[in-house]
Asks: 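The structure that follows is given in the form of structure tokens.
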Amino acid sequence: SQVAALAPVFAGVSLTFITKRSRTGSLLPDAAALTTRALVITLIGLALNSALDPDIDVILPYYGLMFLLVIPLLRRSSRVLIGISMGLVVVAPLAVLASFNTDLPVDEPTLAALIHPVELFSPLLVTGSYPIVAYMAFICVGMVVGRLDLSDRRVALRLTVLGAVLAAGAWFLSTLILFRVGGLHHLRAAAPLTVSQQEAQNIILWDPDTVSSWWWLVERAPYATTPFRMVHDLGIAMAWLGLSLLITRSGLARRALGPLAAAGAMTLTLYTAHVIVLDGSSFLED
């Protein structure tokens, strides 16, 4: 799930770079460019969902809608963006938890969902694999980071240290509540009787099902939309970005990482090819 968090944080940084002029000049050119990009990415993502194995979770439609939602935030101050991110860390898990006992669609949207708004927006916003109500927190943090002087060694060092502290602190607090305050006991009590205690513990910690219990909010399992997991993944993304900036201060490292930089310039193409290859692999296995 750290990888899933890294991408929107870095996307937020990139959005700040490509929309820099809108902070002082007209918003319309950047808004138009972002809207066009959002629509193209969304349509590609919906087309992939329509054509590929349903078990492959394509993130592109989520990005498309997030790019649209970010337009009103382009001129917001860093303080406001941080406030939005902190608010989403609290609100998003509650929204996801509330959706567990509803009949809202959970399947990834396809092109057919364009004529069924509920089937399109419900998964994208709350019930899908990458709920926007949570991932916008990562975008907002990335936008704030993108406004910093990333060429400054001290900024890179602070990002690394702060990110590491956030990640370790969230993991420690979640572990404390799970093992010392009874969280694991309550979650394990909700497990099927056919599952052994050890199996239930492993599932809860690493691959939990959705559980309509307030105790679910203390989870730290990968891809769990909980406050502790969100803060942990945000910290990892910040630390990784800061560490990458420190590493690439070396000319030798920059040259060695040249192929990765080239790949970063064509992420949409590589991602699309990646999911198509995954679909082909799953077809061969079947």
Asks: Quick check: does any side chain N or O of Arg229 sit under 3.5 Å from a backbone N or O of Leu217, one acting as donor and the other as acceptor?
Replies: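 Judged by distance alone, no pair lies under 3.5 Å.
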
Asks: Counting only heavy atoms not in Arg153, do more than 12 sit closer than 6.0 Å to its CZ atom?
Replies: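 No, not enclosed.
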
Asks: Regarding Ser174 and Glu219, is there a side-chain donor-to-acceptor distance under 3.5 Å anywhere?
Replies: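 No - no donor-acceptor pair under 3.5 Å links their side chains.
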
Asks: Under 4.5 Å between side-chain heavy atoms, counting indirect links through other Ile/Leu/Val/Met/Phe/Trp/Tyr residues: same cluster for Ile18 and Leu268 or not?
Replies: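 Yes; Leu268 is reachable from Ile18 via cluster members.
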
Asks: Under 4.5 Å between side-chain heavy atoms, counting indirect links through other Ile/Leu/Val/Met/Phe/Trp/Tyr residues: same cluster for Leu104 and Phe121 or not?
Replies: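 Per the 4.5 Å side-chain linkage, Leu104 and Phe121 are not co-clustered.
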
Asks: Assigning hydrophobic clusters by single linkage (Ile, Leu, Val, Met, Phe, Trp, Tyr; side-chain heavy-atom cutoff under 4.5 Å), is Val165 placed with Leu245?
Replies: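 Hydrophobic grouping puts Val165 apart from Leu245.
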
Asks: Between the side chains of Thr226 and Arg220, does any donor sit under 3.5 Å from an acceptor?
Replies: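 Thr226 vs Arg220: no donor-acceptor pair found between side chains.
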
Asks: Just by modelled atom types, is the Ala156 backbone N or O under 3.5 Å from a matching donor or acceptor in the Thr160 side chain?
Replies: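 Judged by distance alone, yes, a pair lies under 3.5 Å.
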
Asks: Side chains of Leu68 and Thr42: closer than 4.5 Å at any heavy-atom pair?
Replies: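 Leu68 does not reach Thr42 side chain to side chain.
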
Asks: Is it the case that over 12 heavy atoms from other parts of the model lie below 6.0 angstrom from the CZ atom of Phe179?
Replies: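 Correct, the count exceeds 12.
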
Asks: Given 3.5 Å as the limit, does a donor-acceptor pair link the side chain of Thr102 with the main chain of Ser99, or not?
Replies: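 Indeed, once roles are kept as given, a pair shorter than 3.5 Å links the two residues.
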
Asks: For Ser85 and Val141, indicate whether the former's side chain and the latter's backbone hold a donor-acceptor pair under 3.5 Å.
Replies: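 No, Ser85 side chain to Val141 backbone: no donor-acceptor pair under 3.5 Å.
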
Asks: Can you tell me if Trp215 has over 12 outside heavy atoms packed within less than 6.0 Å of its CH2?
Replies: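 Yes, the 6.0 Å shell around CH2 holds more than 12 heavy atoms from other groups.
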
Asks: Taking atom types as modelled, is there a side-chain donor on Glu108 or Tyr130 under 3.5 Å from an acceptor on the other?
Replies: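 The answer is no; no qualifying pair exists.
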
Asks: Side-chain donor-acceptor pair under 3.5 Å between Asp57 and Ser129, yes or no?
Replies: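 Ser129 and Asp57 do have a side-chain donor-acceptor pair below 3.5 Å.
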
Asks: Is it the case that more than 12 heavy atoms not belonging to Asp149 sit under 6.0 Å from its CG atom?
Replies: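 Yes - once you tally the heavy atoms of other residues, nucleotides and ligands closer than 6.0 Å, there are more than 12.
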
Asks: Ignoring hydrogens and angles, tell me if any N or O in the side chain of Thr16 forms a donor-acceptor pair with the backbone of Gly12 under 3.5 Å.
Replies: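 Yes; judged by distance alone, with no hydrogens or angles, the pair exists.
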
Asks: Between Leu46 and Val40, is there a shared hydrophobic cluster once you connect ILVMFWY residues whose side-chain heavy atoms come closer than 4.5 Å?
Replies: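 Yes, it is one cluster - the side chains of Leu46 and Val40 are joined through contacts under 4.5 Å.
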
Asks: Taking CZ in Arg147 as the centre, count heavy atoms belonging to other residues, nucleotides or ligands within less than 6.0 Å. Is the count above 12?
Replies: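 Correct, the count exceeds 12.
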
Asks: Hey, is the main chain of Ile59 close enough, under 3.5 Å, to the side chain of Tyr271 for a donor-acceptor pair?
Replies: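 Yes; at least one donor-acceptor contact below 3.5 Å.
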
